[in-house]
Amino acid sequence: MESTAAAAVPAGAPAEDGRTRDRVGALLLEHGPQSATELAARLGVSPAAVRRHLDGLVAAGRVAEREAPGGQRGRGRPARRFTLTDAGRSGFPHAYDDLALTALRFVAQHGGPDAVRAVAEQQLAGLAQRCSTAVDIAVEEAGTQPVDRAQVLATALTAEGYAATASAISSGGQLCQHHCPVAHVAAEFPQLCEAETAVISRLVGTHVQRLATIAHGDGICTTHIPTQRVPSTAQPTTRAGNKARPMGPVPAGRATAPGAGASTLSTPSIDRERTPA
C-alpha cells in the first residue's frame, strides 16, 4: 500500500518547479528588478510560493537580492527586489556565434585570409598572456621539458574554460581540449585553430602537431607534443610503411654516379644468356 506522504507529492513536481523558476527568470529579464509581491501578481501565485523559487535561484547564483532604493524604513522587513545575475542571463539564448561569423566574413571579404588570421591572433593574445604567466610561474617546479610544460598549460586552459588534460605517451605527450568555446566559428575559419596551435607551440617550447579538432567534427582537440625539439642538423629520414628510419651511408662500391638517377624503386636488370651467332 502506498503511503499518504508519497501520494501527496506529485510525480511532476520537480519539473513544474523548474518551469516556474524559468518563468520567474523570464519576468526578471523582461521587466527588470522586481519584488516577490510583484512577481507573485504576474504569475498568479502566492508571494510565499514565489519566495521559495527565488531562494532556489539565489542559491544557484542566477538571481541576486538587493534592498530597494527608498525602501521601507519603519516596522517590518525592508523592501527587497530581485534581479538577474550574469549567470542568470547566460541561460537565455545568445547570438554570439552569428555575430562573430558575420564580423569575420566581412573581414575576409575586405581584407582576405591574412586579415582573418590577424584577428584570430589578436583574439588569442590575452589568452596566451594569461597562460604564459601561469606556465612561467609553475615551470620551475614542473620541469622544462615540453611534456611537463603541457601539464601546466592544461591546468591554465581548464581555468579558461577549455576542459584540458595532458598525458605522456611513448613519443612525447598529448594535450587534449574537451571543449572549444569558438568551435562553430572555427569550423568556417580554420585560422582560429591555426593561431591557437601556434600559441600552444610557443607555450610548451617546441613544434607541435594538431591531430584532431572539435571544429572539424572530432570529439576532442588533440595536439601531439614531442619530448624534445627536433635539431635542425638531424639526418633525413625515409619511410618504410608507417615507421621512419635514418638513412645510413652508402656502402663502398655502391655509390651512384652523379646524374645516374638511381632509385631503390627502379626495376632490377636481368642478365640474359647470349646465343652464339
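These figures come from a predicted structure and were not determined experimentally.
- In this structure, Ser90 contributes its side chain and Ala87 its backbone to a donor-acceptor pair below 3.5 Å.
- Enclosure of atom OH in Tyr96 is not indicated, since only 12 or fewer non-hydrogen atoms of other residues, nucleotides or ligands lie within 6.0 angstrom.
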Please list every donor-acceptor pair under 3.5 Å in which a side-chain atom of residues 110-122 meets a protein atom from a residue at least two apart or in another chain.
from: Asp114; atom 1: OD1; to: Arg117; atom 2: NH1; distance (Å): 2.9

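- Taking both residues in full, the closest heavy atoms of Leu175 and Ala154 are given as CD1-CB, 3.8 Å, listed atom of the first, atom of the second, then distance.
- Closest heavy-atom contact between Val50 and Leu43: CG2-CD1, 4.1 Å.
- The shortest heavy-atom contact between Ile169 and Gly173 is CG1-N, 3.8 Å.
- In terms of modelled atom types and a separation under 3.5 Å, the side chain of Thr102 and the main chain of Asp98 share a donor-acceptor contact.
- Between Thr197 and Ser201 there is no side-chain heavy-atom pair separated by less than 4.5 Å.
- Both Val199 and Val135 are assigned to one and the same hydrophobic cluster, defined by single-linkage of ILVMFWY side chains at heavy-atom distances under 4.5 Å.
- Residues Val185 and Leu127 do not share a hydrophobic cluster, defined by chaining ILVMFWY side chains whose heavy atoms lie under 4.5 Å apart.
- When atom types are taken as modelled, the side chain of Gln34 and the backbone of Leu27 share a donor-acceptor pair closer than 3.5 angstrom.
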Mind running side chain to side chain contact (heavy atoms under 4.5 Å, CB included) on Asp148 and Gln151 for me, showing each step along the way? CA-CA 5 Å; Asp148 299 324; Gln151 293 283 355; 5.5 Å; no
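- Residues Gln174 and Val208 have side chains not in contact (no heavy-atom distance under 4.5 Å, counting atoms from C-beta outward).
- From Arg202, atom CZ reaches atom SG of Cys131 across 11.0 Å, with rounding to the nearest 0.5 Å.
- For the pair His179 and Tyr162, the minimum side-chain heavy-atom distance is 4.5 Å or more.
- In the hydrophobic cluster analysis, where Ile, Leu, Val, Met, Phe, Trp and Tyr join through side-chain heavy atoms closer than 4.5 angstrom, Ile220 is grouped apart from Leu153.
- Using a 4.5 Å heavy-atom cutoff, the side chains of Arg66 and Pro33 are not in contact.
- Connection of Leu104 to Leu101 is established within a shared hydrophobic cluster, with ILVMFWY side chains joined at heavy-atom distances below 4.5 Å, either directly or through further cluster members.
- The two residues Leu203 and Ala128 have their closest heavy-atom pair at CD2-O, 4.1 Å.
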Is there a side-chain hydrogen bond (donor to acceptor under 3.5 Å, both in side chains) between Arg81 and Ser35? Walk through the geometry before answering. CA-CA 4 Å; Arg81 298 177 74 80; Ser35 67; 5.0 Å; no
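- Atom NE2 of His184 sits in a sparse spot, with 12 or fewer heavy atoms from other residues, nucleotides or ligands closer than 6.0 Å.
- To the nearest 0.5 Å, the span separating CD on Gln123 from CD on Gln191 amounts to 13.0 Å.
- Cluster membership check: Leu29 shares its hydrophobic cluster with Leu57, using side-chain heavy-atom separations under 4.5 Å among Ile, Leu, Val, Met, Phe, Trp and Tyr.
- Checked by atom type and distance alone, the side chain of Thr85 pairs as donor or acceptor with a backbone atom of Arg62 at under 3.5 Å.
- Between Leu39 and Leu28 the shortest side-chain heavy-atom distance falls below 4.5 Å.
- In terms of heavy atoms, Ile214 sits closest to Cys221 at N-SG, 3.2 Å.
- Summarising the geometry of Ala164 relative to Leu157, their closest heavy-atom pair is CB-CB, 3.8 Å, with the distance given to 0.1 Å.
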